[in-house]
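These notes concern the structure reproduced below.
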Number of protein chains: 2
Amino acid sequence: MPRRKRDPESDIGGRERLLAAAVRLFGAKGYAATTVRDILRAAGVTAPVLYYHFGNKEGLWTALVREGVSKLSVAQDEAMAAAGSAVDRIRGFCRAAYEMRRQHADSHRVIWEILSGPPAAAPRLDLSGEGARFIERLRALVQEAVSSGELRACNTLHVTLALTACLDAASGLRVYDLPGSDPGDELEGMMSVILDGLVIPFE
Amino acid sequence: MPRRKRDPESDIGGRERLLAAAVRLFGAKGYAATTVRDILRAAGVTAPVLYYHFGNKEGLWTALVREGVSKLSVAQDEAMAAAGSAVDRIRGFCRAAYEMRRQHADSHRVIWEILSGPPAAAPRLDLSGEGARFIERLRALVQEAVSSGELRACNTLHVTLALTACLDAASGLRVYDLPGSDPGDELEGMMSVILDGLVIPFE
DNA sequence: GTCTATACAATGATAGAC
DNA sequence: GTCTATCATTGTATAGAC
């Protein structure tokens, strides 16, 4: 029977305590600015617990990123299976990705640091496969909308990249934030700018 | 007559040497991962030079950001004064911003770390004024295109934000980079997706 | 304005008991 | 698996000579 020392109600293991604390701190301060001591204090454990479970600071970071990537990719699978018109599914796909990023904001920021931060700021983890997979999936939906005649002929790659750019902009929480604006509304508006311009008008 | 010790051809002062070295390192590794020792070694000066000119590490960072912001905003002023149709000027404005970011990639990454990086990764410097100014300028061009009848009526804010999102995506050097793709071409393509959809068609 | 030399706190990590 | 205690290294920053 495990000891119960710091948290009377739920006695989760040190491993999980560390992961939970680390994602918050790495998400708020980035890899380099987050110290092992910070994490230990926030998790309420001592140093050997971290080094026993993860080997070192980088091991904890790596475990965290893997966990985050798998969580965020779940939203993709669900959104792909949705019903509705192709354009509706494009919107739903982006919306789902946006909501997932909001819900797991810390995980998203950790991944975002790898993707968009300085090249050598954090341990290098190759996430290009995940990024490419996201693009491919969204592009398939765009292609579907063109094939079905919902959208007019266009460069599907550029449409996909533009949609992704808008999604990333809405997901990034502080860039260009204007007073009294809601990122969710902005995402809807930006998607409309792109998609409405491609809808085949009534003759 | 100043001493000439490390650099036979151009004997610039320690202050400039530090700024040049720091922008490279901060751009490559971010604020926290870049150590004062790194900078000193790269600049070929000793510690007191840094602390004499900038007070501390954060002072050097701050000076660097201010320098970068003013450099990057020059491109805006020039692009605003350009001739051509409103749509051409929108494209030119984004193109100029993109080129400026490429040319001063390190400065851009330093600023980008503040705008899109983890909230507490680097010393907080309020750049919201610069961001808002950029949005306002681009939006004025979009509004002009609508007023002149080049573009159909639309939500100018959302169009502006979408354009900015595409610009930022193309400027971010590693996010979703696909094999054999050129960010400059992608920017052109994404701008076309947005603007061509808004062009008023011939009846 | 720049150097040599150094102070001193914070960092990531480990040994060994339990 | 987790604790106490500690280490070696690296971090930012300064004193004082020139």
Side-chain angles (χ1 to χ4, degrees), chain A residues 1-8 10-23 25-26 28-65 110 113 118 120-125, chain B residues 1-8 10-23 25-26 28-65 110 118 120-124:
Chain A
M1 179 164 154
R3 279 173 300 164
R4 159 165 320 198
K5 232 178 177 181
R6 299 160 292 257
D7 198 33
S10 75
D11 192 6
I12 58 175
R15 196 190 142 87
E16 280 68 38
R17 296 175 65 87
L18 280 166
L19 284 170
V23 75
L25 288 167
F26 282 138
K29 307 170 47 163
Y31 179 81
T34 302
T35 71
V36 170
R37 282 175 152 85
D38 281 341
I39 300 171
L40 297 176
R41 184 158 27 82
V45 299
T46 55
V49 180
L50 190 157
Y51 292 96
Y52 173 81
H53 286 290
F54 301 102
N56 53 28
K57 181 186 178 183
E58 187 171 337
L60 173 55
W61 165 267
T62 304
L64 210 68
V65 173
V110 166
E113 182 182 355
R124 290 261 59 87
L125 287 169
Chain B
M1 179 163 151
R3 279 172 301 165
R4 158 165 321 196
K5 234 180 177 179
R6 297 159 293 257
D7 199 34
S10 75
D11 193 6
I12 58 176
R15 195 191 144 89
E16 280 67 39
R17 298 174 64 85
L18 280 167
L19 284 170
V23 74
L25 288 166
F26 282 138
K29 306 169 51 161
Y31 180 81
T34 302
T35 71
V36 170
R37 279 177 154 89
D38 282 340
I39 300 171
L40 296 176
R41 184 159 27 82
V45 299
T46 54
V49 181
L50 190 156
Y51 292 96
Y52 173 80
H53 286 291
F54 302 102
N56 53 28
K57 180 185 178 184
E58 187 172 337
L60 174 55
W61 166 266
T62 305
L64 211 68
V65 172
V110 166
R124 292 262 58 89

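Letters A, B, ... mirror the listed sequences (proteins, then strands); counts begin at 1. Scope of the values below: all heavy atoms of this structure, side chains included, with no hydrogens, waters or symmetry mates.
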How far apart are the closest heavy atoms of L19(A) and A63(A), and which atoms are they? CD2-CB, 4.4 Å

Interatomic spacing from CG in L64(A) to CD in E58(A) - rounded to 0.5 Å: 13.0 Å

Taking only the side-chain nitrogens and oxygens of T46(B), find out if one of them lies under 4.0 Å from OP1 or OP2 of dT2(C). no

Is there a side-chain contact between V36(A) and I39(A) (heavy atoms, below 4.5 Å)? no

L40(A) atom CG is separated from dT14(C) atom P, nearest whole Å, by 14 Å

Can you tell me how far C1' of dT2(C) sits from CZ of R17(B), to the nearest Å? 12 Å

If you define the side chain from C-beta out and look only at heavy atoms, does anything of T62(B) sit under 4.5 Å from F54(B)? no

With a cut-off of under 6.0 Å to the ring centre and 45° to the axis, is K57(A) in cation-pi contact with Y31(A)? yes

With the criterion being N/O to N/O and under 3.5 Å, what pairs connect the protein with nucleotides 16-18 of chain C, and how long is each?
none

Whole-Å gap separating C1' (dT10(D)) and NZ (K29(B)): 12 Å

Take the protein atom CD of E16(A) and the nucleotide atom P of dT2(D), then report the distance between them rounded to whole Å. 9 Å

Taken to the nearest whole Å, CZ/R41(B) to P/dT12(D) is 12 Å

In whole Å, what is the span from the CG atom of L25(B) to the P atom of dT12(D)? 12 Å

Heavy-atom nearest pair, R17(B) first then G44(B), reads NH2-CA, 4.1 Å

Taking protein heavy atoms under 4.0 Å as touching, what does nucleotides 7-13 of chain C look like 5' to 3' if B marks base contact, S marks sugar-phosphate-only contact and - marks none? ----BBB

Closest non-hydrogen contact found for A33(B) with D38(B) is O-OD2, 4.1 Å

Separation of dG1(C) P from H53(B) NE2 (nearest whole Å): 6 Å

If I take atom OH in residue Y52(B) and atom C1' in nucleotide dA13(D), what distance separates them, rounded to the nearest angstrom? 17 Å

T34(A) side-chain N/O to L25(A) backbone N/O, donor-acceptor pair under 3.5 Å: yes

For a 4.5 angstrom cut-off between non-hydrogen side-chain atoms, does V45(A) reach L50(A)? no

